[in-house]
Asker: 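Sharing a structure with you now.
Order of the sequence lines fixes the chain letters, A, B, ..., with proteins taken first and strands second; residue numbering starts at 1 for each chain.
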Number of protein chains: 2
Amino acid sequence: MAKPLRKDAQRNRDLLVAAARELFAERGLDVPLEEIARCAGVSIGTLYNRFPGRGELVGAVFADRVAATRALAEEALAMPGAWDGLVHLLEGVCALQAADLGYNALASGRGPSSAVSGEILAEGRDLMRRIVTRAQESGELRPDVTLEDMVFVIWGHARTVEATAEIAPRLWRRHLALLLDGFRAPAPGPLPEPPLTPEQARRAMSPHRPP
Amino acid sequence: MAKPLRKDAQRNRDLLVAAARELFAERGLDVPLEEIARCAGVSIGTLYNRFPGRGELVGAVFADRVAATRALAEEALAMPGAWDGLVHLLEGVCALQAADLGYNALASGRGPSSAVSGEILAEGRDLMRRIVTRAQESGELRPDVTLEDMVFVIWGHARTVEATAEIAPRLWRRHLALLLDGFRAPAPGPLPEPPLTPEQARRAMSPHRPP
DNA sequence: TGGGAAGTTGAGGCCTGCCTCAAGTCGCTA
DNA sequence: TAGCGACTTGAGGCAGGCCTCAACTTCCCA
């Protein structure tokens with residue numbers, strides 16, 4: 001355990017995280033660090049003292065969102081209806097994406113490399129697997145999709161949310177409903193192409209792959 | 001009509017467009033202009049002589065793609081099956097998105113402001129409307145979707161293509177198949193949220209909206 | 001073929017954002 | 001309350017990308 005920060009240092013840290021949370025949510029993860037510092041009422045040097053780089057700041061800001069996402073998955077699994085549970089989780093994640101440009105970038109795999117990365121999703125991987133399996137066993141989710149296909153929902157949403165956040169902030173629900181209808185059993189026909197392997201999914205979701 | 005360029009100037013212009021086409025396709029629309037000039041074997045000044053800015057260069061590079069997209073829509077309308085026609089068009093656009101990062105950015109509304117913009121889609125707007133209407137009249141496309149909902153396919157695809165182009169270059173077909181299954185009649189239930197109005201769609205698709 | 005218009009060049013100014021570090025300030029504990 | 005060490009500060013160096021312009025070269029037509 002690291003030794004506790006001095007009182008003023010802790011206060012500045014909190015101000016920085018709060019400022020970053022707001023700016024990331026509104027404008028995405030690329031806001032200039034100098035602007036975050038200014039907005040927190042602190043010098044840029046202080047920001048660099050506290051966080052080696054953008055990745056660590058992003059990590060600090062979104063730690064609670066990772067937890068919230070996990071909680072969402074637990075709620076989903078506790079729901080009586082298997083399909084309803086799956087929908088609850090996906091709607092919840094999409095709502096977070098819609099409410100926060102930074103979360104949206106992170107969830108769709110475009111965070112700074114040292115950030116929580118795919119953690120938001122990797123976090124509850126087996127939780128998620130159980131949700132998917134359960135929905136397939138109940139006959140509501142088409143049997144030919146896999147856990148890995150669920151990222152299509154997150155990826156599919158990412159751009160819609162960006163494009164319509166200011167114009168029709170609730171429109172994403174329509175897009176999601178259409179997507180979910182595609183996941184319903186019975187499958188109208190077989191799917192082309194095999195799903196991503198878990199390893200491919202991991203690579204596809206981690207930002208900035210090597211050339 | 002502008003007067004024809006001098007022979008060497010025309011040659012340089014062609015080299016620039018060719019270089020830009022290649023770099024845009026591989027790396028997206030943000031490649032440094034200096035790199036395009038270098039790759040064309042021409043100085044940066046020449047690039048600026050020929051094209052006032054990135055937007056005009058993008059316009060010159062993608063003019064033929066706009067035409068190709070229109071041709072695709074015409075083919076679609078000429079096909080005997082209404083649903084097959086719709087699928088032909090959407091698959092074609094998605095294939096172009098998958099093959100060319102620049103087209104992908106442009107089609108999903110993230111081009112430089114003065115570029116062909118939504119033209120790729122606006123281009124064949126009534127062509128598209130006829131394709132959609134026909135598929136609904138034949139009872140294959142669910143009746144509660146509108147022309148404006150078709151951008152969900154393009155937007156939905158944009159991020160999937162980016163994330164998987166190098167890892168599983170054919171995977172997008174699986175995502176598209178799932179999406180299309182959501183568009184099939186009969187609708188499993190009503191959709192939440194009204195669709196975008198044409199005006200909203202126009203705004204959502206044009207890049208860099210004002211604050 | 002000679003001269004002028006059209007075209008080319010690339011160094012350099014500008015801007016934005018990243019990151020550092022020497023000097024100064026402040027909080028905590030003895 | 002003195003003093004040490006933790007913390008803050010912000011000017012400034014660096015890098016990348018945009019764009020300009022004065023000097024130079026090339027083409028084309030009279």
Asker: Taking the side chain of Leu5(B) as heavy atoms from C-beta outward, which of dT20(D), dT8(D), dG7(C) is closest to it?
Answerer: dG7(C)

Asker: To the nearest 0.5 Å, what is the distance between CZ (Arg13(A)) and CG (Asn49(A))?
Answerer: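 Here the rounded value is 13.0 Å.
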
Asker: Salt-bridged, Arg54(B) to Asp30(B), with N to O below 4.0 Å?
Answerer: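 Salt bridge absent between Arg54(B) and Asp30(B).
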
Asker: Side chain of Arg50(A), heavy atoms from C-beta onward: which of dT9(C), dT8(D), dC18(D) has the nearest atom to it?
Answerer: dT8(D)

Asker: Nearest-nucleotide wise, let me know which of Ser43(A) and Glu34(A) is further upstream toward the 5' end of DNA chain D.
Answerer: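 By nearest-heavy-atom nucleotide position, the 5'-most residue is Ser43(A).
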
Asker: How close or far is atom P of dT8(C) from atom CD of Gln10(B), stated in whole angstroms?
Answerer: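 From Gln10(B) CD to dT8(C) P: 10 Å.
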
Asker: Can you check the Leu47(A) CG to dT20(C) P distance for me, whole Å?
Answerer: 12 Å

Asker: Among dC19(D), dA11(D), dT8(C), which nucleotide has an atom closest to any side-chain atom of Ile44(B)?
Answerer: dC19(D)

Asker: As a test of reading the structure: which of dT8(C), dT20(D), dT9(C) is closest to the side chain of Val42(B), going by heavy atoms?
Answerer: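 Looking only at side-chain atoms, Val42(B) lies closest to dT9(C).
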
Asker: Could you give the CZ-to-P distance, from Arg27(B) to dG16(D), as a whole number of Å?
Answerer: 13 Å

Asker: Pick the closest DNA chain D nucleotide for Lys7(B) and for Val31(B) by heavy atoms, then say which residue is nearer the 5' end.
Answerer: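 Result of the comparison: Val31(B).
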
Asker: So which nucleotide from dT8(C), dT9(D), dT8(D) ends up closest to the side chain of Asn49(A)?
Answerer: dT8(D)

Asker: Could you tell me whether the phosphate oxygens of dC19(C), OP1 or OP2, come under 4.0 Å of any side-chain nitrogen or oxygen in Arg54(A)?
Answerer: no

Asker: Answer yes or no: is there an ion pair linking Arg65(A) with Asp100(A), defined by an N-O contact shorter than 4.0 Å?
Answerer: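 Salt bridge between Arg65(A) and Asp100(A), a charged N being under 4.0 Å from a carboxylate O: yes.
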
Asker: Take atom CG of Asp14(A) and atom P of dT8(D), then tell me their distance rounded to the nearest Å.
Answerer: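 My rounded result for the distance is 12 Å.
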
Asker: Just the rounded figure in Å: distance from P of dG17(C) to CG of Leu57(A).
Answerer: 16 Å

Asker: Rounded to whole Å, how long is the line connecting atom CZ of Phe51(B) with atom C1' of dT20(D)?
Answerer: 18 Å

Asker: Find the distance Asp8(A):CG to dT29(C):P and express it as a whole number of Å.
Answerer: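 That distance rounds to 12 Å.
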
Asker: In whole angstroms, how far is the C1' atom of dC19(D) from the CG atom of Leu33(B)?
Answerer: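 Spelled out: CG on Leu33(B) to C1' on dC19(D) is 10 Å.
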
Asker: Do the side-chain N or O atoms of Arg38(B) get closer than 4.0 angstrom to the phosphate oxygens (OP1, OP2) of dG10(C)?
Answerer: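 No, no such contact exists.
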
Asker: Which nucleotide, dG7(C), dC7(D), dC19(C), lies nearest any side-chain atom of Ala9(B)?
Answerer: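 Of the candidates, dG7(C) comes closest.
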
Asker: Compare side-chain N and O positions of Asn12(B) against OP1 and OP2 of dT8(C) and report whether any pair is under 4.0 Å apart.
Answerer: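 For Asn12(B), the contact criterion (side-chain N or O under 4.0 Å from OP1 or OP2 of dT8(C)) is met.
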
Asker: Please say which of His175(B), Arg174(B), Arg170(B) ends up in a side chain to side chain donor-acceptor pair (under 3.5 Å) with Glu193(A).
Answerer: Arg170(B)

Asker: Hey, is the side chain of Arg6(B) poking within less than 4.0 Å of OP1 or OP2 on dA5(C), counting only N and O atoms?
Answerer: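 Checking Arg6(B) against dA5(C): no side-chain N or O falls below 4.0 Å of OP1 or OP2.
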
Asker: Mind checking if Arg11(B) touches a base, just sugar-phosphate, or nothing, with heavy atoms under 4.0 Å?
Answerer: nothing

Asker: Are the side chains of Arg125(A) and Pro198(A) in contact, using a 4.5 Å heavy-atom criterion?
Answerer: yes

Asker: Check this for me: does any side-chain nitrogen of one of Arg38(B) and Glu34(B) sit under 4.0 Å from a carboxylate oxygen of the other?
Answerer: no

Asker: By the 4.0 Å heavy-atom rule, please label Arg13(B) as base, sugar-phosphate, or nothing.
Answerer: nothing

